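Structure first, then comments.
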Amino acid sequence: MSVIQIQNLTKDYGQSRGIFNISFTIEKGETVGFLGPNGAGKTTTLRHLLGFIRPDHGTVQIQGLDCFEHAAAITRKVGYLPGEISLINELTALDFITFMARLKGIQDLRLAHELMEYFDLQADGKILRMSKGTKQKIGLVVAMMQDPEILILDEPTSGLDPLMQNRFIELIRKKKQEGTTILLSSHMFEEVERTCDRAIIIRSGRIAAMEEMQKLRQNRPKTYIIDFGCEQDAASFQKNHAKAIKEGRQVSLSISGSPQELIQELSGLFIEDLSVQPQSLEELFMHFYGEHDHE
Amino acid sequence: MNKTLFLKEWKTNWKLLILFMAVLTLYAGIIIMMFDPKLGESLNLMAESMPQLFAAFGMMHVGSTLVEFIANYLYGFLLIAFPVVLILLLGHRLLTRYIDSGSMAWLLSAGISRKKILMTQLFFFLFTILLLNGYLTGLILLLSEFFFPDELDLICYFRLAAGLLALHGFLAALCFFCVCCFADTRFADGAGAALIIASLLLQMLSQVGDQFEFLRYLTLLTLFDPQKLLSDPAGALWGPLILLFTAGGLSSMAVHLFVKKDLSL
C-alpha cells in the first residue's frame with residue numbers, strides 16, 4: 001500500500017483557481033519533490049494531505065486513512081512545515097518549540113535540541129523580533145523533532161541562507177537513508193534535484209509531469225555562456241548552432257544532456273570565460289512542454 | 001480538553017484579564033461608595049430630569065436598598081458593556097487570530113483533533129469569564145460589606161451575579177459561533193462584534209421610551225433583566241436559563257461547524 005495516495009483530487013475556487021484532477025502516489029521511503037511555480041496549487045494539495053480542507057472531488061489518503069476524517073491520527077505520524085511560517089509571536093522560540101513538543105506528546109526533547117544546534121538556532125528571543133530565516137529554522141525543528149515517519153514540507157528552504165539550505169539538504173538525505181517518506185514542495189529545481197528520487201510537476205492546478213529525477217536531470221537543458229577571445233570565433237560558433245544567441249564576443253547556448261561535444265568543439269578555441277546558467281522552472285516547463293502549452 | 005494548549009492560553013491572556021479586573025474594580029469601588037439611601041432621592045430627581053438618558057443606560061430605578069442600587073448602576077450597563085470588550089478580544093485571540101495568521105496550522109498538525117482544540121479554546125473562554133464573574137461577585141460583596149455592613153440582600157445579589165454569568169456565557173458562545181460560521185476571518189470577527197454591539201444598542205434604545213420598547217424583543221440581552229431578577233425571581237430566572245441553554249446550543253453548533261470547516265492555513 002502506498003503511504004500517500006491522491007486520486008482525482010479537485011478543489012475548484014472558481015476562475016480557474018484551484019487544483020484539478022490531481023492523482024499521484026508516494027511509496028514508503030520515497031523522497032518526492034512537488035515542483036511548480038508560485039500559485040500552481042502545491043500548497044492547496046498539501047493542505048488536503050493535512051486535512052485542513054476537504055476535496056470537492058476525489059480522495060486523499062495517508063496510510064489508507066482519509067486525510068480529512070482522520071486528520072488527528074494522520075498528523076501524529078506526519079512532520080509538517082507550512083508554506084507560510086506564522087508562529088505564535090508572543091512566545092520565545094524555545095517556548096514555542098517546547099509548547100509544540102508537549103502538544104505532540106514528545107517527552108524527550110533531545111532531538112529538538114540537536115536540531116536547534118544543527119540549524120544554529122538561538123532560541124531564547126521573542127519570535128516577533130525574529131527574521132524570516134530564523135522562523136523557518138524554528139518551523140523545521142518543530143516539523144522534525146518527533147522523528148516522524150512521514151515528512152511533508154512546503155517550501156522548506158524559503159528564507160534560509162545558502163549554508164542553512166545545504167544543511168537542510170544534508171538532513172533530508174539522512175532522513176531518506178533512514179527510510180522516512182518525504183514530500184517536499186518547491187519552486188526551485190535545484191533543491192528538488194539534490195534531494196529527491198522523483199519529481200511531480202504541477203502547473204495551473206494540474207499535474208504536468210511525473211518523472212524520475214535521473215531522467216529530468218538528463219533531459220534538462222542548461223544554458224552555457226561562452227566568452228570567446230575574438231568576435232570571429234564567436235560568429236563562426238554561432239553559425240554552427242542555430243539556437244545560439246550572440247552578443248558581441250559572448251554566445252549563449254542551451255543544450256540538454258552531456259556537454260561532452262560542446263567541450264570538444266571549444267577545445268581548439270581561445271575561451272576567456274565559460275559559465276553555466278541554471279535554468280528556471282519556467283524555462284524548464286517551456287523545454288518539456290513547449291511554449292504554447294506553457295501559456 | 002488539551003492541558004498544554006489551555007496553559008499556553010493562560011500564559012498569553014492572563015494580563016488581559018487582570019487589566020479588565022483592575023478597571024472594573026475601580027468602577028465598582030466608586031459606584032458602591034456612592035451608595036447612600038438619602039442620595040437615592042436626589043438621584044431619582046436627576047433621573048426624572050433626564051429620563052431617556054438614564055433609561056438608556058438601564059439606570060432608571062435607583063432604588064432605596066443597596067442591592068437595587070448595585071443592580072441599577074453596575075448590572076444595568078457597566079458590567080455588561082465592559083466585559084463585552086473582553087469577550088470580543090478573547091474571541092479574536094483564542095480563535096480568529098490563529099486562523100487569520102495561519103498559526104492554527106501548527107495546532108492542527110500536532111495530532112490533536114479539531115474538536116479537542118475548539119473545546120479547549122471554548123473551555124478557556126468560559127473559564128476566563130467565570131474567573132471574571134467570580135472576582136466581580138466577591139469584590140462587590142466585600143466592598144458592600146466593608147462600606148455598608150449587613151446592607152446587602154445576599155440572596156438577591158447572588159441571583160443577579162448568576163444572571164450576569166449566564167449572559168456573559170451566552171455572549172462568549174455567540175462570539176465563537178460567529179467565528180466558526182464564516183470562512184473569511186474579517187467577517188468572522190466583524191459579525192460577532194456587530195451582533196453583540198447591535199444587541200447592546202437595541203437594548204439601550206428599547207429602554208428609552210414606549211415607542212421603542214418593541215426593540216427589546218429583537219435582542220436576547222433582554223433575557224437578563226436585573227430589576228426583574230430582584231422583583232420577580234421565579235419568573236426572571238427563566239431568562240438566564242434560556243441564555244444558558246442558547247449558549248450550549250451555539251457552542252455545540254460552533255464545534256460542529258469548526259470540525260467541518262475548510263481552513264486555508
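Given the structure is predicted, the values throughout are model-derived calculations rather than measurements. Numbers restart at 1 for each chain; the letters A, B, ... are given by sequence-line order, proteins then strands. The basis for the numbers below is simple: all heavy atoms, side chains too, and nothing from hydrogens, waters or symmetry mates.
- Of all heavy-atom pairs between G51(A) and R114(B), the closest is O-NH2, 3.0 Å.
- For Y13(A), the OH atom counts as densely surrounded, since its 6.0 Å shell holds more than 12 non-hydrogen atoms of other residues, nucleotides or ligands.
- Here the side chains of D262(B) and F52(A) are not in contact, with every heavy-atom distance at 4.5 Å or above.
- For E90(A), the part lying under 4.5 angstrom from a heavy atom of chain B is the side chain only.
- Residue-environment remark: NZ (K132(A)) exceeds the threshold of 12 foreign heavy atoms within 6.0 Å.
- Only the side chain of R47(A) comes within less than 4.5 Å of a heavy atom in chain B; its backbone stays farther off.
- Contact of K77(A) with chain B is not made at all, since no heavy-atom distance falls under 4.5 Å.
- Heavy atoms of T12(B) lying under 4.5 Å from chain A belong exclusively to its side chain.
- The CD1 atom of I99(B) lies 12.5 Å from the OG atom of S86(A); values are rounded to the nearest 0.5 Å.
- The number of heavy atoms from other shown groups lying within 6.0 Å of CD (E170(A)) is above 12.
- No donor-acceptor distance shorter than 3.5 angstrom exists from the side chain of R76(A) to the backbone of I112(B), with no hydrogens or angles considered.
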I'd like to know whether D95(A) forms a salt bridge (Lys or Arg N to Asp or Glu O under 4.0 Å) with K8(B), so could you lay out the CA-CA distance, the side-chain angles of the two residues, the decisive distance to 0.1 Å, and finally the verdict. CA-CA 10 Å; D95(A) 281 347; K8(B) 182 257 152 202; over 6 Å; no

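- Environment of CE in M253(B): crowded, with over 12 heavy atoms of neighbouring residues, nucleotides or ligands closer than 6.0 Å.
- Within the 4.5 angstrom heavy-atom criterion, only side-chain atoms of L50(A), from C-beta onward, approach chain B.
- For the pair I88(A)/Y98(B), a side-chain contact is recorded, criterion being any heavy-atom separation below 4.5 Å from C-beta on.
- Between the CG atom in L103(A) and the CG atom in L5(B) there is a gap of 6.0 Å [rounded to 0.5 Å].
- With R54(A) contributing its side chain and K260(B) its backbone, the two residues share a donor-acceptor pair below 3.5 Å.
- With a 6.0 Å radius and a threshold of 12 heavy atoms from other residues, nucleotides or ligands, F147(B) has its CZ atom above the threshold.
- No more than 12 heavy atoms of other residues, nucleotides or ligands lie within 6.0 Å of CH2 in W14(B), so this atom counts as exposed by the packing criterion.
- Under the 4.5 Å side-chain criterion, counting only non-hydrogen atoms from C-beta, L265(B) is not in contact with P82(A).
- Taking the side chain as every heavy atom from C-beta outward, V259(B) and F68(A) never approach each other to under 4.5 Å.
- Heavy-atom distances place the side chain of I85(A), and not its backbone, under 4.5 Å from chain B.
- For I74(A), no part lies near chain B; criterion is any non-hydrogen pair under 4.5 Å.
- Note on M104(B), K3(B), R97(B): by heavy-atom pairs under 4.5 Å with chain A, the leading option is R97(B).
- For the pair S109(B) (side chain) and Y80(A) (backbone), a donor-acceptor distance under 3.5 Å is absent.
- Taken to the nearest 0.5 Å, the CD atom of E84(A) stands 12.0 Å off from the OG atom of S103(B).
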Please step through side chain to side chain contact (heavy atoms under 4.5 Å, CB included) for the pair W106(B) and V142(A), ending with a clear verdict. CA-CA 9 Å; W106(B) 296 106; V142(A) 171; 3.6 Å; yes

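- Interface remark: N89(A) contributes no atoms to any contact with chain B (heavy atom separation under 4.5 Å).
- Within a 6.0 Å radius of CZ in F6(B), more than 12 heavy atoms belonging to other residues, nucleotides or ligands are found.
- The neighbour count for E178(A) CD, taken as heavy atoms of other residues, nucleotides or ligands under 6.0 Å away, is above 12.
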